[in-house]
Each structure stands twice: as structure tokens, then as C-alpha cells.
Number of protein chains: 2
Amino acid sequence: MTDAINTILKKSSLSVTPGRSAILQLFHQSDGALTHAVIEEKTGDQFDRVTIYRTLQVFVEKGLIHTIPSPDNSILYALCKEDCSEGHHHDNHIHFICDKCNTTYCLDHITTPYIALPNGFKTNQTDVLIKGLCAQCNL
Amino acid sequence: MTDAINTILKKSSLSVTPGRSAILQLFHQSDGALTHAVIEEKTGDQFDRVTIYRTLQVFVEKGLIHTIPSPDNSILYALCKEDCSEGHHHDNHIHFICDKCNTTYCLDHITTPYIALPNGFKTNQTDVLIKGLCAQCNL
DNA sequence: ACTGTAATGCAACTATGTTGCAAAATTTAT
DNA sequence: ATAAATTTTGCAACATAGTTGCATTACAGT
């Protein structure tokens, strides 16, 4: 497992450090998106706050994770899929936040719809954020 | 002008104070969404930071303004339209952020599309955030 | 104008995020 | 395997955002 994680890091030409391995592994182990605070907590305060911030920054730059605009304005980070490359994110999928359990899912297989804008407006990127109940909480 | 603003405040059963009038007027004068920092600046530091925070909170509660999830995670506030009522926002329109001038527009006349979710998922609210170039910057 | 209620400003505090720099760890080359 | 060069880390300090309690002040209704 750790080997696979480290291979990903090397592929992105990042040096392998305990912090980066742990954080990337965390992402691969979780369903949903993570906040800085959650990462700090789940890594058991082994790593400095600053290290986590910088690690997340680097991961975003290298196309390993992407940020999700959230309604309560805490930055969410989630794994990118294969087609995200360094510098350019293909982040055209839909994000779903459960009102009950507060988990954020990336619904990768659902792509954002085309939305016609008024004259003169040009779309670069479309983010869709749906709030509601997830399959687990909707039973 | 100020009279019209104060009438709105009274309709929402809010007491009329210089701060509330000024801030609500600011919203009615601007095209796009505003951040706390911008409001603080545009009111010329007449009002305490805390007062502005509390005013925005009250306006959101009363359905006068709504928050917009933004990609850079600064909280944006924008005027609600007629059909927003106390406690329940009908915030199903599209938000557009210009990459160049950074203005955020509420495209009220364009409603969010229906998006089919996986089995078990239930939609409560859909937010759409489009980034690109606005009519002014796309000339 | 007076009184009860609500809003304001101040101070202090928490949370979140950033920057510079020395120490430590990782990588690369030998 | 070792040493040099480069990166990363942790610490300290700082910057920005947002919250809370409380005394003072302003507002609304009579």
C-alpha cells in the first residue's frame, strides 16, 4: 500500500517524505473530500500545520488533488482522477455534500451540464455543488 | 433612495440603523456580490468589523442576502430576489465569476439544471458556479 | 419624552492561512 | 555506501478572518 502511494509521489516528481505519504494515503483511504483540519486530526498531529498546508499546495500544483468550493467556506480537497495533469485540472465533475453526515463526494461519472449564458459571457469552468442526502443517510 | 432602503429594513422587521442602511444600500448599488472586506472598505471604516459581520448575518437570516460558495474561499454575499423569504432561500440561480475583473454576478434568470444523481442520493439544493469572462471583459 | 429592547463598539480570543529561516531529511552523484 | 546539493520540515512570527461577552448607546413603541 505504502509502496503504491510512494510510486504516485515519484511519478509526480515529488520527494517521498513521511508527511506526504501519510497525507496522500489518507486521501486514498477516504470516500470524500478532506479539509486541512481533518487531515491534521487524522494524522494525529504528527505533522506541523505548515507542512500540511504546503503539502496540500504541492499536491494541487501537481494535479494529485483539487479544491472544492464549499458553501461553508472551508477549503475542501479531494483526489483527482487520472486525467488531471500537472497545472491543468479537468475538474468538471459534480460535488455532492451530505447535509446530514457532511461528507463531500466527487461524483466523477456525472459531468457538468452545458449552461447557456447571456450574450458576451464566456465559460471557462463550471462547478456544480449539490447539497442533500447521500445514499447512506437517505435510508 | 435611503427611504426605499429603510422600507426594506422595516419590512423585514429590522430596526433601522446607519450601518444597516449603508450596507443594504451598498448592495443595491452594486452589480455583483460583495465580501466583508469590500464592505468594510466601501463604508469607509465608519462601522466596526463586528457590526458588519453581525449585519451580514442578520441580512442572511432575514432573507435579504445570500452567501455564494466561491472558489477562492472568501465568503461572497449578494442580494436575494423577491422570492427569498425569511429562513428559506430560493437560491437556485447561477453564479458567475469573471476571471479578469473578479466581479461575481447572480444570473437570476438562468435556473440551475436538474441533475440526475446515483441511486439513494437526494437533492436539496443545487449551486452552480461558472468562471469565465463577463460581457465587459470579453470585448 | 420615557422606557424597554435591540444594536453598536471595544477588547479579547479562536481559527485559518502565510512567510522567513535554520535544522533535518531526501535525493543525486560519486 | 557516502558525501554534497537540494528539498522539505518545524518553529516562530505574523497576517487575516471570524466569534463572543459585555458595557454603552441608539432605536421603537407608547
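Naming: A, B, ... by sequence-line order, numbering from 1 per chain.
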Check your understanding: Counting distance only, does the side-chain N/O of Asn138(A) pair as donor-acceptor with the main-chain N or O of Gly120(B) below 3.5 Å?
Key -> yes

Exercise for review: Please check if the side chain of Gln29(B) supplies one atom and the backbone of Leu26(B) the other of a donor-acceptor pair under 3.5 Å.
Suggested key: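 Checked: no pair found.
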
**Study point:** Axial bend angle, the helix from dA1(C)-dT30(D) to dT30(C)-dA1(D): five-pair end segments, nearest 10°
**Key:** 40°

Practice item. Taking only heavy atoms on the protein side, list every residue of residues 15-23 of chain B lying under 4.0 Å from any atom of DNA chain D, sorted numerically. Key: Ser15(B), Val16(B), Thr17(B), Pro18(B)

**Study point:** Side chain proximity check, Pro113(A) to Val128(A), heavy atoms < 4.5 angstrom
**Key:**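 Yes. Closest side-chain heavy atoms under 4.5 Å.
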
Practice item. Verify the ring-centre separation between His95(B) and Tyr105(B): is it less than 6.0 angstrom? Key: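 So the answer is no for these two rings.
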
Check your understanding: Do Tyr77(B) and His66(B) make the cut of ring centroids closer than 6.0 angstrom?
Key -> no

As a test of reading the structure: which of [options] is closest to the side chain of [X], going by heavy atoms?
X	options	value
Arg54(B)	dG17(C), dT20(D), dG10(D)	dT20(D)
Phe47(B)	dG17(C), dC11(D), dG9(C)	dG9(C)
Arg49(B)	dT18(C), dG18(D), dC10(C)	dG18(D)

Check your understanding: How close or far is atom C1' of dT8(D) from atom CZ of Phe59(A), stated in whole angstroms?
Key ->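 These atoms are roughly 12 Å apart.
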
Exercise for review: Say whether Lys100(A) and Asn102(A), considering side chains only, have a donor N or O and an acceptor N or O under 3.5 Å apart.
Suggested key: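 Side-chain D/A pair, Lys100(A) to Asn102(A): absent.
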
Practice item. Using the closest heavy atom to pick a nucleotide of DNA chain C for each, name whichever of Ala37(A) or Thr55(B) lands nearer the 5' end. Key: Thr55(B)

Sequence neighbours excluded and cut-off under 3.5 Å, please list the side-chain donor-acceptor pairs for residues 14-24 of chain A, or say none.
| from | atom 1 | to | atom 2 | distance (Å) |
| --- | --- | --- | --- | --- |
| Thr17(A) | OG1 | Arg20(A) | N | 3.4 |
| Arg20(A) | NH1 | Ser15(A) | O | 3.1 |
| Ser21(A) | OG | Asn6(A) | OD1 | 2.7 |
| Ser21(A) | OG | Thr17(A) | O | 3.3 |

Practice item. Show your working on side chain to side chain contact (heavy atoms under 4.5 Å, CB included) between Leu34(B) and Leu76(B) and close with a plain yes or no. Key: CA-CA 5 Å; Leu34(B) 302 169; Leu76(B) 287 166; over 6 Å; no

